Novice: 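Quick one: the structure is below, and I'll ask about it shortly.
Keep in mind it's a predicted model, so treat the numbers as computed, not measured. In the text below, chain A, chain B and the rest are named by the order of the sequence lines, each starting its count at 1.
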Amino acid sequence: MHPYGNQIMRSHYCGAITTSNIDDTVTLCGWVDRRRDHGGVIFLDLRDREGIVQVVFDPDTDEHFQRADRVRSEYVLKVTGRVRARSEATINPTMATGEIEVLGKALEILNAAETPPFQLDEYTNVGEEVRLQYRYMDLRRHEMQERLMLRSRITTAVRNFLDGERFLDIETPILTRATPEGARDYLVPSRTHPGEFFALPQSPQLFKQLLMVSGFDRYYQIAKCFRDEDLRADRQPEFTQIDIETAFLDEQAIMDITERMIRELFRDVLDVDLPAFPHMRYSEAMERYGSDKPDLRIPLELVSVDDLMQQVEFKVFRGPADDPAGRVAALKVTGGASISRKEIDVYTDYVAVFGARGLAWIKVNDIAAGIEGLQSPILKFMPDEIVAQMMERLGAADGDIIFFGADRAAVVNEALGALRLRVAQDLGLVGEGWAPLWVVDFPMFEEDPAGGWTPLHHPFTAPSGSIDELQAKPGECLSRAYDMVLNGTELGGGSIRIHQREMQEAVFRILDIDQEEAQEKFGFLLNALQYGAPPHGGLAFGLDRLVMLMVGASSIRDVIAFPKTQSAACVMTNAPGAVSTQQLRELNIRLRQNSSEDGTKA
RNA sequence: GGACCGGUAGUUCAGUUGGUUAGAAUGCCGGCCUGUCACGCCGGAGAUCGCGAGUUCGAGUCUCGUCCGGUCCGCCA
C-alpha cells in the first residue's frame, strides 16, 4: 500500500525504471520530450525530473493510439503500460533506460501545451534572455534540473554536517535597518513610520554576532542577502550565504571546521577528495599572484624586479622601482613567445582597463645567445648586465615571453594579476582539478582616495594587535580575517570579531565614524558588547558561487532558479514594476518626476 | 557613471562595396511511413531586420540617438 494512497498519480519516475521492472505494469506522469510517429507505431519519450523513458503505442490500443497521435511536445501525460525488454537490435546504449521500454496501454492527456518558445533539447543554444523570460520552461531542461537538484543536495549536505556539529539554525530579520558601511542598501518604506525605511540585510552579520552574545554558541543559517550594486556573472542583487558564527573558537578552529565541511561536501556530492588547503598570507598572494584570491591551478607567477630596475635609467621602470608605493613586476609565460604582436596589443588594451599605461614585453628566442637571443622594444633602455640578472632570476627559457608591469603597486597587481588569468585561459595553461587555499593575515584597513581608512573585511573584524598599535599605524595592522579560495574564486570569508566595546569604538574612530554616529547606527551592538559578549568569530560562504563551481557553470545565474538580468530586473515577472498612487500615498512617498503615463498605474 | 560585443522567421545564425523577391538550419503545420530514439521522405506556412531620426535615387547594411541582453572597469565593508 502506498503511504499516500490514491493521491499519487504515478507509480514510478520515468527515469527510474530499470530492467528489474520488466513485466511490471507502471503508471508514469511526465512531459513529452519527443514524439516519433511511424504511422503504425508511435514512440513517445516521456520525461520527468529523474529522466526519460520510451513509451510505445501501437494500433492495438485504438483509442489511446489515436490520442498519442494528437500529442505534441511538452504535453503533460499520464501513461499506464507494461515494462518490457527491448529486442537486442533496438536497445539504445546512449539512454539510461535504453534497455527497456513501456508498452503503452492507456494514455491520458493531463494538459496540452503550446509549442515551446524554444527547443528544450541539448543541441540548441538558446539566448539567455529568452531562457529567462520563459524560465519555467528553461528549468525543465535536463542540464538545469541537474544543477538545481545538485544545489539541493549541497544545501542538505551542509545542513547535515552543521547539524552534526551541533550548530543551530536560527533565522534573522529580512526587514532591518540601513547601515552606513558597505554596499548600497535595498530600502523598504515603512507605512507605520512615515518617512522611514527598512533596509534589506547585506548579510546577517550583526544579528549573528548578537546571537553569540545570547549564548547560542554555534549558529548557522542559509540566508538571503541583498546588495544594491551593479551585477556581474558572479554577482546578483539577492544571493545566498551559508552563514556561520561560533563563540569560544579561535580562527584556526573555525577554519578547521569549515574546511572539513567543504571537504565532506565535495566527497558526498561530487565524490572528490580535495587536496590540502595551504595557508597563504595576503601579502604573499599579492606578491606572487597579484590577487587576494589566487587561482593556484595556473603555474604562472609575478616576480618583483624593483631592485634591478633601480639600477636602470629607463624612467618608466625606474620611477615605480624607486617609489615605496610602486612596483615593477614580471610575468613569465612559459611557451608564450608564440603570442603575436597583434595579440600583445589586445593584452595591452586589456591591462589598460586596470589602469596600466602600457605593457612591456621580452620574447626569449635563444637564451644561450645572451642579449642577442632576446627580442623586445625595451632592451635598449637597459644594461645587458641587468637583463642577464633578470633572465637568471626569472629562469627564462627559449620560447618564453615576459610581460612587465611598472606603476603603483595596486595597479601592477591588478593588471598583471588579471593578465595572468587571461593569458593562462587563452593558452590553455589552467590546470585540471581543484586548488583550494586559505588566505590569511589581511591588512585591517586600506587607504581610500580621500586619505581615510576603509576596512578590508568589515568594521567588526578584530585586529591582531592592541588598540594602541592600531591607532599608531592603522595601515600596518593585520586583521584576524581569513578567506577560503577555490580555483580563483572567493568561496567564503570570515574573521574573529571584536568583542570588546573599547576596541570596537577605536576601530570606528579610525574609520572616521564619530561617537554620535556610532551610537546612532551601532548603539545596539556597542551596548551588547558590554553585557557579556564572548570571544566569537565566524565565516560566510557564497552558496551560489560554491554551487557554480561544483556544477561547472560559468555564471551564478545558471544555479539560481529565478535570477535577475545585469540591470537587476526579472524579464519573466517584469520586476521591478510601477505601483499604484494609492500604494505610494499609504507609504507617504511622492515620485520626484512623473515619468510619463507609465510612471504609475492607477 | 564608463568601455566593448550583440539585437534579422518561434529558436540559433548567415546576409558581400548601400542595389532585384532578406537566406539556411532547426522548430511549427499538413501528408506518407509498424522499430525509431536529434527517426525518415514529400509539401507548406512563418520577417515591424529592437525602436526613432538622419544621409541617399535607394538602408538589414552607413551616421546619430534610444531601449534591451551580455562581458568587464568603477562599485560590491
Novice: Taking only residues two or more places apart in sequence or in another chain, which ones pass side-chain contact (heavy atoms from CB on, under 4.5 Å) with A:Glu229?
Specialist: A:Ala183, A:Arg184
Novice: For A:Arg84, which contact category applies under a 4.0 Å heavy-atom criterion: base, sugar-phosphate, or nothing?
Specialist: base
Novice: Take the protein atom CD of A:Gln133 and the nucleotide atom P of B:G70, then report the distance between them rounded to whole Å.
Specialist: 13 Å
Novice: Hey, does A:Ser567 reach any base, or is it just sugar-phosphate, or nothing, if we go heavy atoms under 4.0 Å?
Specialist: sugar-phosphate
Novice: Between B:G70 and A:Arg557, counting only base atoms on the nucleotide and side-chain atoms on the residue, is there a donor-acceptor pair under 3.5 Å?
Specialist: no
Novice: Please report, rounded to the nearest Å, how far the P atom of B:G35 is from the CD1 atom of A:Ile42.
Specialist: 13 Å
Novice: Which nucleotide, in any strand shown, forms a Watson-Crick or G-U wobble pair with B:A38, with both distances under 3.5 Å?
Specialist: none
Novice: Is A:Arg422 positioned over the aromatic face of A:Tyr347, cation under 6.0 angstrom from the ring centre and no more than 45 degrees off axis?
Specialist: no
Novice: Contact class for A:Glu128 (heavy atom, under 4.0 Å): base, sugar-phosphate, or nothing?
Specialist: sugar-phosphate
Novice: Tell me whether the OP1 or OP2 atom of B:C75 has a side-chain N or O from A:Arg227 closer than 4.0 Å.
Specialist: no
Novice: Taking any heavy-atom pair under 4.0 Å as a contact, classify A:Gly355: base, sugar-phosphate, or nothing.
Specialist: nothing
Novice: Which part of the nucleic acid does A:Glu114 contact within heavy-atom distance under 4.0 Å: base, sugar-phosphate only, or nothing?
Specialist: nothing
Novice: Could you check whether A:Glu122 and A:His142, counting side-chain N and O atoms only, form a donor-acceptor pair closer than 3.5 Å?
Specialist: no
Novice: Walk me through whether A:Thr489 and A:Asn487 qualify under side-chain hydrogen bond (donor to acceptor under 3.5 Å, both in side chains).
Specialist: CA-CA 6 Å; A:Thr489 295; A:Asn487 292 2; over 6 Å; no
Novice: To the side chain of A:Asp230, which of B:U11, B:G74, B:G35 is closest?
Specialist: B:G74
Novice: Tell me: CZ of A:Arg235 to P of B:C76, nearest whole Å?
Specialist: 9 Å
Novice: Is the base of B:G35 stacked against the aromatic ring of A:Phe43, taking ring centres under 5.5 Å apart and planes under 30° as the test?
Specialist: no
Novice: Name the residue closer to the 5' end of RNA chain B, choosing between A:Val41 and A:Arg35 according to the nucleotide with the nearest heavy atom.
Specialist: A:Val41
Novice: Less than 3.5 Å apart, any donor N or O on the side chain of A:Asp483 or A:Tyr282 sitting next to an acceptor on the other?
Specialist: no
Novice: Give a yes/no answer on whether the side chain of A:Arg36 brings an N or O atom under 4.0 Å of OP1 or OP2 in B:U36.
Specialist: no
Novice: Check every strand shown and say whether A:Glu129 touches a base, only sugar-phosphate, or nothing at a heavy-atom separation below 4.0 Å.
Specialist: sugar-phosphate
Novice: Let's see if you can work this out: which of B:C76, B:C37, B:G10 has an atom nearest to the side-chain heavy atoms of A:Glu229?
Specialist: B:C76
Novice: What's the gap between B:U11 and B:C4 when it is taken at their C1' atoms, as a whole Å value?
Specialist: 26 Å
Novice: Just call it for A:Arg184: base, sugar-phosphate, or nothing, with non-hydrogen atoms closer than 4.0 Å on any strand.
Specialist: nothing
Novice: Reckon A:Thr90 has a side-chain N or O less than 4.0 Å from the OP1 or OP2 of B:U36?
Specialist: no
Novice: Under 4.0 angstrom, heavy atoms only, what part of the nucleic acid is A:Leu231 near: base, sugar-phosphate, or nothing?
Specialist: nothing
Novice: Which part of the nucleic acid does A:Asp37 contact within heavy-atom distance under 4.0 Å: base, sugar-phosphate only, or nothing?
Specialist: base
Novice: I'd like to know if A:Gln54 reaches the base of B:U36 with its side chain such that a donor and an acceptor end up less than 3.5 angstrom apart.
Specialist: yes
Novice: Which nucleotide, B:G69, B:C72, B:A38, lies nearest any side-chain atom of A:Ala569?
Specialist: B:G69
Novice: Identify which nucleotide among B:C37, B:U34, B:A38 has an atom closest to any side-chain atom of A:Arg34, counting heavy atoms from C-beta outward.
Specialist: B:A38
Novice: Can you tell me if the side-chain N/O atoms of A:Gln566 get under 4.0 Å from OP1 or OP2 in B:U71?
Specialist: yes
Novice: Write down the distance between CD (A:Glu88) and C1' (B:G35), rounded to a whole number of angstrom.
Specialist: 15 Å
Novice: Remember a base hit wins even if backbone is also touched, and classify A:Ala89 as base, sugar-phosphate or nothing at under 4.0 Å, heavy atoms.
Specialist: nothing
